[in-house]
Structure formats: structure tokens, C-alpha cells
Amino acid sequence: MRTSRLLLAAALALVAAGSGGSQAEVIDDILGSLSRGASFLELQHEHINLDGVVGFLMLQAELKEAVRTWPHSDPVSWAQRTSAVALVRHLDRSFEKAVAALQQNDPKYYQEFEPLLSWRFWQIPQEWSSTDASLVYPSTMTTECYDEQLSDKCLTLLLGTWKMKGTPCIVTKPCRDTMTRFGCPHYSLSHQLLYFMIGKMRGCSNLLKGDMRPSRSNMTERSYQKIFCSNMMKTNQDIIGDGLTEQTVDIFIENILICGLAGFSDFYKADWLQHILRLQDDEVGCFGRDKSIASQIIGDELLEQLQPHSRVKRREKILPDGCSSHMTAVAVGALGGYLNYYLAEQDITKRPLS
């Protein structure tokens with residue numbers, strides 16, 4: 001643990017040197033980016049979908065934890081804390097409007113995922129671990145293991161929102177078998193991890209009860225989280241090795257967000273932070289903006305609104321200005337994770353080496 005903290009300090013020093021700035025300036029960059037993201041939420045609160053709002057709520061939980069534990073080390077750091085407090089208040093004002101818009105625009109999804117629509121639901125790691133390359137699958141499937149509808153159903157059974165006043169923490173055999181399946185890629189993999197994280201945060205105990213497979217007898221919920229994040233780390237390393245593309249950048253950032261929130265600190269790599277920061281649109285503050293399709297999207301959105309009973313897709317929504325709701329959400333959530341982790345380690349890394 002001590003070694004990993006020292007490595008984090010070294011990594012921060014390297015990225016600061018590479019960007020011509022200090023660690024304080026790196027934190028300034030994160031806060032500045034998050035401030036622009038918060039302004040984007042304020043402007044687009046009526047249009048951001050459920051996943052988008054959840055990503056900003058994860059950020060809010062991370063910011064509140066950062067403010068609570070902010071090191072009282074020097075005037076610069078304290079000024080940064082003041083900026084973070086202002087950012088928290090800015091987000092609080094926008095959330096009330098965004099959640100109300102969700103309830104009106106998509107009442108079914110709102111009811112199913114209402115427990116997630118509070119920053120208090122999202123627990124911030126209090127201890128850290130690392131992934132293990134030996135847990136990487138020998139091979140992975142070329143297509144997703146399951147669809148969004150099955151994932152949603154399994155999550156509502158955990159949350160107790162599968163019906164009005166439903167019993168929470170229900171784990172059916174199809175859900176358990178799906179969420180513990182090895183070899184899944186991309187979004188199937190990240191949502192397997194999210195399933196275990198949400199179960200824990202909801203207070204569900206023993207999600208693995210009833211699993212009679214001898215080969216899994218020693219597996220714990222944390223074991224699955226480590227396996228999933230070890231494979232998500234391999235995914236991200238491959239993406240960086242091949243070069244980030246429009247097709248891979250969203251899952252790259254989502255993996256950082258979710259595994260970071262699960263307590264795997266090796267996802268907070270300094271060069272990955274720079275990749276995220278460079279993706280932000282300077283004009284409107286979102287991430288994943290395609291200006292060329294903005295006018296087309298406006299027309300599509302108007303057509304969609306004319307369709308009776310049209311379903312609002314939970315995972316992705318391209319906004320009228322060409323911004324990606326999902327990528328913006330995972331990006332701000334990931335940046336909040338970076339901030340919280342850097343601050344949590346800041347005082348420790350200043351200790352003498354004795």
C-alpha cells in the first residue's frame with residue numbers, strides 16, 4: 001500500500017512536469033473542467049437522460065467526500081476547496097431541475113431507478129487496491145453477453161423497484177448466472193461490475209447465495225469485482241495501445257469511472273487523465289461532441305417527440321448541440337474520482353520515507 005502511494009506521487013509529479021505545471025495546477029485543471037461540465041448540466045438539464053444524471057450524481061458524491069476530507073495544507077489548496085464547495089452548490093441547484101425533468105419525460109425509468117438518483121446512494125472508496133493481470137480472461141466474446149433490458153431487470157430486482165413497494169435484493173438464477181459469467185466484453189463487463197456495486201450500496205448481502213458450482217465455491221463478491229476490473233484494465237490498455245477512437249473512448253472512460261469507484265486505484269493513471277481532459281468541448285463544456293451532426297439531431301429529436309409512447313433510451317442520448325449525454329456523464333464522474341483519489345493521497349505522500 002505504501003509503495004502504491006509513493007508511485008501515485010511520482011506519477012503526479014511526472015504529469016505535472018509533462019504539462020509544465022505542479023500538482024496544484026493538475027487539480028486546478030480538473031476543477032476547471034468540472035466547472036464547465038456543471039455549467040453544461042445547468043443548460044441541458046431538461047434533455048440529459050437517466051444515465052447522464054447518474055454520472056453527475058456520482059461526481060457529486062465524490063466532490064462532497066473530497067470537500068469533507070480536503071487537506072488543510074496551504075492557501076492554494078484551501079482556495080481550491082472553496083472552488084469545490086461552490087461547484088457542489090452549483091450542481092445541487094441543477095439536480096433538482098434535472099431529476100424533475102426525468103420524472104416528467106421518462107416516468108417508468110424514473111420509478112425503476114429512483115434509488116440511484118441521489119448522491120447519497122453512491123459510496124466513495126475508503127481503501128484502495130489494484131487489479132491483477134493474472135485474472136485476465138484467455139479470450140473474450142466478440143459481442144455483448146446480454147442486452148440493456150436484462151441488465152435493467154436484474155438491477156430493479158436488487159433495488160426493489162420491479163414493482164411498487166417491491167422487495168429489494170432479489171437475485172434470480174438467470175441474473176446471478178448472467179452477472180457472474182466470465183468472458184463478457186465491453187458494456188456487458190462494466191455492467192456486471194455495476195451490478196455487484198449497486199447490490200452492495202443497496203445493502204444486499206450474499207448476492208452469490210444459491211450458486212452451487214464447485215469451481216466458484218471460494219468466490220466472494222469482491223473476487224468478482226477484482227476479476228471484472230482486471231479485465232476492464234486490459235480493455236483500456238488495449239484501447240490505448242491501438243489508439244483512442246470515437247468507437248472506444250466511451251467504454252474507456254466508463255471503465256475508469258466504475259473501477260475507480262470500486263476502489264481500484266490503478267485506473268487513475270496520469271496520462272489517462274490527460275486523455276479525458278482533452279476530450280472536453282471548450283465551447284459548451286460537454287464531452288464527445290460532434291458538431292457536424294448537431295442540426296441533424298435537432299430534427300431527429302423533434303421527430304421522436306411526435307411519436308406516441310416513444311421510449312427514451314437510458315444509456316445514450318445525443319443532445320441538440322451534438323453532445324453525448326453518456327460520455328459527458330462518465331467523464332465528469334471519472335474526473336471526480338481522480339480528484340477525490342489525488343486529495344486522499346496528498347497528505348500521505350508528503351510524509352517522510354522513514
Side-chain angles (χ1 to χ4, degrees), residues 8 11-12 14-21 26 29-30 32-34 36-37 40 51-52 55-56 58-59 130-131 133 136-137 139-144 184-191 193-194 228-262 264-294 297 315-319 321-339 341-342:
L8 183 277
L12 276 173
L14 283 173
V15 71
S19 61
V26 174
D29 288 343
I30 295 173
S33 176
L34 290 175
R36 292 189 293 276
F40 172 76
D51 269 19
F56 275 95
M58 290 177 174
L59 164 63
S130 297
T131 57
V136 172
Y137 304 138
S139 62
T140 57
M141 300 172 191
T142 56
T143 58
E144 300 288 353
C184 293
H186 312 310
Y187 292 101
S188 296
L189 180 59
S190 66
H191 280 241
L193 172 63
L194 199 58
F228 296 151
C229 280
S230 296
N231 282 276
M232 291 158 76
M233 172 60 73
K234 177 64 164 60
T235 296
N236 275 23
Q237 291 169 338
D238 289 346
I239 287 172
I240 289 296
D242 295 337
L244 277 172
T245 67
E246 289 182 10
Q247 290 72 38
T248 59
V249 66
D250 186 87
I251 190 63
F252 172 79
I253 303 174
E254 178 168 311
N255 288 346
I256 297 171
L257 164 62
I258 302 178
C259 284
L261 196 61
F264 292 93
S265 59
D266 47 337
F267 278 81
Y268 293 131
K269 298 185 187 302
D271 58 324
W272 291 4
L273 169 63
Q274 296 306 310
H275 281 301
I276 297 173
L277 291 172
R278 284 195 292 269
L279 288 166
Q280 189 169 30
D281 183 83
D282 291 334
E283 183 182 351
V284 297
C286 71
F287 293 77
R289 187 184 188 194
D290 186 345
K291 297 179 183 179
S292 66
I293 64 171
I297 292 299
R315 177 169 294 161
E316 179 56 302
K317 183 179 182 182
I318 304 300
L319 302 173
D321 50 14
C323 289
S324 164
S325 178
H326 186 267
M327 192 186 299
T328 299
V330 294
V332 297
L335 290 174
Y338 269 100
L339 176 67
Y341 179 63
Y342 283 3

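Treat the numbers as computed from the prediction; the structure is a model and nothing was measured. What's counted below: heavy atoms across the whole structure, side chains too, no hydrogens, waters or symmetry copies.
Checking side-chain atoms of Thr248 against main-chain N and O of Leu244 turns up no donor-acceptor pair under 3.5 Å. Side-chain N or O atoms of Glu254 include none that pairs as donor or acceptor with a backbone N or O of Ser190 at under 3.5 Å. Not one N or O on the side chain of Asp290 forms a donor-acceptor pair closer than 3.5 Å with the backbone of Gly322. Of the possible polar contacts, none joining the Asp266 side chain to the Ser130 backbone as a donor-acceptor pair under 3.5 Å is found.
Cys323 is not listed as a side-chain neighbour of Ile318, based on a closest heavy-atom distance of 4.5 Å or more. Side-chain contact between Tyr342 and Val26 is present, with at least one heavy-atom pair separated by less than 4.5 Å. For the pair Tyr137 and Pro185, the minimum side-chain heavy-atom distance is 4.5 Å or more. The shortest side-chain heavy-atom distance between Asp321 and Phe40 falls under the 4.5 Å cut-off. Between Phe56 and Thr328, the closest side-chain pair of non-hydrogen atoms falls below 4.5 Å. A 4.5 Å side-chain heavy-atom check between Asp250 and Tyr187 finds at least one atom pair inside the cut-off. Taking the side chain as every heavy atom from C-beta outward, Lys269 and Met233 approach each other to under 4.5 Å. Residues Ile251 and Ile239 are in side-chain contact: their nearest non-hydrogen atoms beyond the backbone lie under 4.5 Å apart.
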Requested in this report: Assess whether side-chain contact (heavy atoms from CB on, under 4.5 Å) is satisfied between Phe267 and Met232, documenting all intermediate values.
Outcome: CA-CA 9 Å; Phe267 278 81; Met232 291 158 76; 4.1 Å; yes
Query raised in the report: Stepwise, does the side-chain contact (heavy atoms from CB on, under 4.5 Å) test hold for Ile253 with Leu279?
Result: CA-CA 11 Å; Ile253 303 174; Leu279 288 166; 3.7 Å; yes
Report task. Could you walk me through whether Phe287 and Ile276 pass the side-chain contact (heavy atoms from CB on, under 4.5 Å) test, one step at a time? Result -> CA-CA 9 Å; Phe287 293 77; Ile276 297 173; 4.1 Å; yes
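With sequence neighbours left out, the side-chain contact (heavy atoms from CB on, under 4.5 Å) criterion links Val136 to Asn231, Lys234. In this structure Ala329 satisfies the side-chain contact (heavy atoms from CB on, under 4.5 Å) test with no other residue, sequence neighbours excluded.
Between the CD1 atom in Ile258 and the NE2 atom in His191 there is a gap of 5.5 Å [rounded to 0.5 Å]. Atom CE of Met141 sits about 5.0 Å away from atom SG of Cys184, to the nearest 0.5 Å. Distance SG/Cys259 to CG/Leu193: 5.0 Å, rounded to 0.5 Å. The CG atom of Asn255 sits 4.5 Å away from atom CG of Asn236, with the distance rounded to the nearest 0.5 Å. The line from CG of Leu34 to CG of Leu277 is 8.5 Å long, rounded to the nearest 0.5 Å. Between the CZ atom in Arg36 and the CG atom in Asp282 there is a gap of 6.5 Å [rounded to 0.5 Å].
Counting all heavy atoms, side chain and backbone alike, Ser33 lies closest to Gln280 at OG-OE1, 2.7 Å. Val332 and Gly55 make their closest contact through CG2-O, 4.3 Å (heavy atoms, listed as atom of the first residue, atom of the second, distance).
Partner of Leu335 under the side-chain contact (heavy atoms from CB on, under 4.5 Å) criterion, out of Leu273, Leu59, Leu257: Leu273 alone.
Under the 6.0 Å cut-off for aromatic ring centres, Tyr338 and Trp272 do not qualify, their centroids lying 6.0 Å or more apart.
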